[in-house]
Amino acid sequence: MIDLRTLREDPDRLRASQRARGEDDSVVETLLDLDERRRGALSRFETLRAEQKSVGKSVSRASGDEKAALLGRAKDLAAQVRSAEAEAEKLGAELEDLLYTVPNVVEEGTPPGGEDDYVVIEEVGEKPAFDFAPKDHLELGELLGAIDIERGAKVSGSRFFFLKGAGARLQLGLLNMAMQQAIEAGFVPMIPPVLVKPESMKGTGFLGAHASEVYHLAEDDLFLVGTSEVPMAAYHADEILDASALPYRYAGWSSCFRREAGSYGKDTRGIIRVHQFDKVEMFSYCRPEDAREEHRRLLDWERQMLAKAELPYRIIDTAAGDLGTSAARKFDCEAWVPTQGRYREVTSTSNCTDFQARRLAVRFRDPGGGTRPVATLNGTLATTRWIVAILENHQRADGSVVVPVALRPYVGLDVLEPVK
RNA sequence: GGUGGAGUCGCCUAGUGGCCGAGGGCGCACGCCUCGAAAGCGUGUGAUGGGGCAACCUAUCCGUGGGUUCAAAUCCCACCUCCACCGCCA
C-alpha cells in the first residue's frame, strides 16, 4: 500500500506512476479528498470523546441533582460520540478500500507501457546450433521417461503432470543446487506453509487485480500460494525488525499453485504453464534506501544460477504496465527455448519497496527515532520450468540430454538417457 | 471433532465497573557513585492515527469482533490462537 503522507506531499509522483502503468490517475484526487474528510471527522470525534471522558469522570464525583444533570449531559455526549466515531470509521474504511486498489509507485527509470514495452538489458551466452532437428521438451521428457503429462491429466486434469525418474532427479538436483547457492550466500533456508490466511494473501498484493489466479479453499478460507514470496513476506508481519541485522534474507522452497484462469489456449503443450510447480525463491527485507542495490544483487544471484545451468538467456526490464501490484521494478531473466525460437521467463525479481511491508506492518526501528516500514524484494533461483530450457538446450541427436557440469553432483547423472 | 485451562507494555506479572490516564519486577537506555567496572541509587522506557516548525498535545490499542453502561482490561455473546487430555487419522 502506498504512503498517504508521501501522497499528500507529492501527488504528482503517483499521477505519473499511474499513467506509466496505463492506469487511471484520477484516483489521486479521490484519495486526497477522502483523506481530508477522514481527518476532519477524526478530529471531531476526538474532541467529543475527550469531553465525554471528562464529563464521565465528574459523574462519579457528583451527587443528587447535580449528578442527574451530569448524567443527562453524559448520555447526550455518548450518542454524539457514537455517531462521530461511526462517521470517522466509515470514511477510514472507504479510504482503505480505495488505497488497497492502488498499485505501487513505479521506480524511476522503469520503461512505461505494457507487456510488449520491455527493454532488453543484456543477452548472455550462445544459443545452441543443432545439426539435427531439435525435439521439444515434452518429446524429450517422454523419451527420457522424465515427464508424464497424460497421467497427470488422468489423475488431476489439464496442466498437471508427473515428474518421474530422470525428471524428478533433475528437479530435485536443480532446486537443491539453488538452495545450496542461497545458503552459501547467507540466506536462511525456509520451507514455508503453502496454505495461507486471507490477510497474508492480501498483504502481499495478490488479492487485487489478480485474485482469479489464486486457488481458494472456501471451507477453511485459506489460499494456496502461487509463490513462497507470500508466506515469506507475511513471516515477519506485525513485527519490528532489528535494524542492525538487516537485510534479512530467506530462501524458500515450496510448491506453487496457479489457476491460470486467463490463459486458456496459451502454452498448452508441456510443462511451461502448469497449475502446480516447485520453486526456490529468494526473499529480502532491507532498508528502503538499500532496496535498489539489493534488487541488483538478487539479479546477480539469478545470473549465477543460469550460468551453472549453462543456459543462454536475456534480461529484460519489465514495463510499468506489466508489473505486479506490489512491484516498483521488475527484471526477468528469460532462457532461450530452441524449439520455440524465443526466450521464455525463468526468473523474475521484484523490488516491492515498502508497499508490502506497509500492508503487513513489517517495520524496523530507525535510529533517528520511530519506526519505518522495511522494503521487501523477491527473486527466483530455480523452478520446474527450468527443466524445459535445460532439456532443450542440452539435447543431443539421439534424444539424450547432457547434464550441466555444476548440476551433476546434485542430479547424480552426467547424461540423461532415453528409456525403452 | 469433544472437554478443560490460558491469552495484559520486549519478557514475567498485578489488576472483579469510575482512584487503570494500566501498577510492580526483569531487561534496556541515560545519569549519579567509581581510577574503571560490578553492586547500589535515581530517571526514563510501547504501538498506531491526527494536530504542531518544534518541545509537545490528542485519540485509539489489555487475543479478535460485537454487546450492556454516562463509564469496560474488568460484565455478556461469538470467534481466534496456544497448552493439556480424549476421539479420529496420514
Where along nucleotides 74-81 of chain B does protein come under 4.0 Å, by heavy atom, of base (B) or sugar-phosphate alone (S), with - for untouched nucleotides? --------
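- Listed pair A:R365 / B:rG10 fails the phosphate criterion, with no side-chain N or O lying under 4.0 Å from OP1 or OP2.
- At whole-Å resolution of the value, CG in A:D238 and P in B:rG10 are 13 Å apart.
- Between the CZ atom of A:R49 and the P atom of B:rC57 there is a distance of 19 Å, rounded to whole Å.
- The shortest distance between the side-chain N/O atoms of A:T371 and the OP1/OP2 oxygens of B:rU48 is below 4.0 Å.
- For A:R38 and A:T47, each mapped to the nucleotide of RNA chain B holding its nearest heavy atom, the one lying further toward the 5' end belongs to A:R38.
- Nearest to the side chain of A:F45, among B:rG50, B:rA71, B:rU60, sits B:rU60.
- Within the 4.0 angstrom heavy-atom criterion, no nucleotide atom of any strand lies near A:R44.
- The CD1-P distance, from A:I240 to B:rU48, rounds to 6 Å in whole Å.
- Checked against B:rG51, B:rA47, B:rU58, the side chain of A:A50 finds its nearest nucleotide in B:rU58.
- Classification of A:E294 and A:R297 as a salt-bridged pair holds, one side-chain N sitting under 4.0 Å from a carboxylate O.
- If you take CD of A:E89 and P of B:rC61, they are 10 Å apart, rounded to a whole angstrom.
- In this structure, the CZ atom of A:R82 is 12 Å from the C1' atom of B:rA71, given to the nearest Å.
- A salt bridge does not link A:R21 with A:E23: none of the charged nitrogens is closer than 4.0 Å to a carboxylate oxygen.
- Nucleotide B:rC41 has B:rG31 as its partner under the Watson-Crick or G-U criteria, with both atom distances under 3.5 Å.
- Classification of A:R37 and A:D35 as a salt-bridged pair fails, no side-chain N sitting under 4.0 Å from a carboxylate O.
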